[in-house]
Every structure is written in structure tokens, then in C-alpha cells.
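What follows is a single structure, written as C-alpha cells, with notes after it.
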Amino acid sequence: MARFSPLLMMMALLGLAGCQANAVQPSAEPAAAVASQPAAAAELAQRVNDANAERFESVEQRIVLMQEKLIELNQRIERLSVQGGQQLAGLQRLQQLQTQQVQRQMEQNSGPSTLDQLTELVFRLEQMSAESSQQSVSASATTDQAPYQLVSVYSSKGWILLKLDRLSGTTWKADGADWLEIQEVGVLPASEYQVVMQPNPNDIKGFVAARIDRNNGISWWLKDNQWEPF
């Protein structure tokens, strides 16, 4: 049987003891990992809270900015509403003034026109011519002896005076201390003429005048300083 030396026996015992110590002693690394898990979770939660706080603060700032913009917009709307009301009132006033002006013009134009007045004058001339023809022979003879006739009317420009040669139809208008001859379109034949006048504020002259040939009924109206066939 083989014999073991004391040195070999001691080395074997030491090796066996080391193996047992390695097998029984617990490892320190798992314990350290377990201890570090709550600290990591707390740090993560703190980061999440900080990020949420920053987001909430950003959202709150945006809300405040929107409120300020809404307040400014409401103020602008109020100013525009006031300005719009003033403009509307001005437009309504302008429309009223225009309506009143149109009404005044219609009232001014509602009177007889120049053509209507001339027509009335010609009608009066025809009536006067018919009445003259019905007068007595003696009265007509006495009247026919006077070749000239004066016709006057009071207008917006004062008294207007015309002088008529009843036999030739030549007519003059008083111009201060002189007589201004009224122009003719053509040559008038010898006949018997008559002139009537009427004030007219719508005419530039301030009056209207018409002339008639009592023998043939031809008539004229006075335009500026010339007789125009009517």
C-alpha cells in the first residue's frame, strides 16, 4: 500500500478547504444591483416630472399668449365696430342729402319747361290774333296806324323791354340807353307780327319770348339774341 507524505496531505487539505469556501460564500454583485434599482427608478421619475413640468410651463405660456392676442383682437373688433357705425351713419346722412337734393331738383324741374312755355306763348298769340280779327273795323284801323309796339316783362334780372316793328317783324331789345337789334334766320316778308313775353327763372335770359306772323301763323322763339323758327 502506498504511503502519503505529510506535505502532500497538508496541500490536499488546504485545497479542499478553499473549494468549500468558494462554494459557500455568497456573491456581492447581485446584492449591489438590487440595491441600485430604487435609485435608478427615482432618478427616472424625477426626469419625467421635470420634462412634464417644462411642457406644462410651455403650454401655460402659449395659453397666456393666446389670451393676450384674443384681448387685442376683441379691442380691434370694438374699434372697427365703432368706426363702422360712424361710417354707416355718415353714409346714411349722405344718402339723405342726396335724396333731398334730388327732390329739390325734381321740384325745380317740375315747373313748366321752356318748350312748354313757348307752346303756351304761341297758343296765346294765336288767341290774341283771333281776338284781334274779331274787333271792330274802326278799332282795327286805329290800331293798325301804329307800326311799332313795346312789350315788357319783369324777370329775375329786372325789366326786359322789346320794341317790335309790327309790319316788318324787326325786333330790338333795350340794352341800357341803346336798342340792340335781334338777329333773324332769314328775310321776313312784309306782314303783321306780334310778340309776347313771359318770365322764366329756368331760362338763362330770365324770360322767354315768342313772335308770330298773324297772317300765316309762322312763329319763332327767342334764343339768346336770335329768332329761331318754332
CZ of Phe230 to CH2 of Trp220, rounded to nearest 0.5 Å, is 13.0 Å
Non-hydrogen atoms of Gly169 and Glu184 that approach each other most closely: O-OE2, 3.8 Å
Measure the spacing between CZ of Arg62 and CD of Glu57 and express it to the nearest 0.5 Å. 13.5 Å
Do you see a donor-acceptor pair shorter than 3.5 Å between the side chains of Asp50 and Gln46? yes
To the nearest 0.5 Å, atom CG of Asn49 lies from atom CZ of Arg47 at 12.5 Å
Using a strict threshold of under 4.0 Å (side-chain N to carboxylate O), is an ion pair present between Glu60 and Arg55? no
Would you say Pro229 and Val185 make side-chain contact, with heavy atoms under 4.5 Å? yes
Is there a continuous path of hydrophobic side-chain contacts, each under 4.5 Å between heavy atoms, that joins Leu161 to Tyr148? yes
Separation between CD1 of Ile212 and CD of Glu192, rounded to the nearest 0.5 Å: 11.0 Å
With a 4.5 Å limit on heavy-atom distance, are the side chains of Ser152 and Trp159 in contact? yes
Salt-bridge test for Lys223 and Glu228: reply yes if a basic N is under 4.0 Å from a carboxylate O, no otherwise. no
Just to verify, what does Lys173 make a salt bridge (charged side-chain N to carboxylate O under 4.0 Å, His left out) with, not counting sequence neighbours? none
With a 3.5 Å distance limit and no angle check, can you tell me whether Arg211 reaches the backbone of Ser219 through a side-chain donor-acceptor pair? no
Tell me whether the count of non-hydrogen atoms from other residues, nucleotides or ligands lying under 6.0 Å of CG in Leu150 goes above 12. yes
Which heavy atom of Ser191 sits nearest a heavy atom of Asn215, and at what distance? OG-ND2, 2.7 Å
In Å and rounded to the nearest 0.5 Å, what is the CD to CD1 distance from Glu72 to Ile77? 11.0 Å
Applying the 4.5 Å side-chain criterion to the ILVMFWY set and letting contacts propagate, would Ile160 and Ile182 be lumped into a single cluster? yes
Quick check against the 3.5 Å criterion: does Lys205 have a side-chain atom that pairs as donor or acceptor with the backbone of Leu222? yes
Among the clusters formed by ILVMFWY side chains lying less than 4.5 Å apart, do Val153 and Leu162 turn up in the same one? yes
Are the side chains of Asn225 and Leu180 in contact, using a 4.5 Å heavy-atom criterion? yes
Are any non-hydrogen side-chain atoms of Thr171 and Trp227 less than 4.5 angstrom apart? yes
Tell me the closest heavy-atom pair linking Leu167 and Tyr193, and the distance in Å. O-CE1, 3.7 Å
To the nearest 0.5 Å, what is the distance between CD on Glu68 and CD1 on Ile63? 12.5 Å
Search all heavy atoms of Phe207 against all heavy atoms of Ser155 and return the closest pair with its distance. CB-CB, 4.4 Å
Closest approach of Trp179 to Lys163 (non-hydrogen atoms, all atoms of both residues): CZ3-CB, 3.6 Å
Side-chain donor-acceptor pair under 3.5 Å between Asn216 and Asp213, yes or no? yes
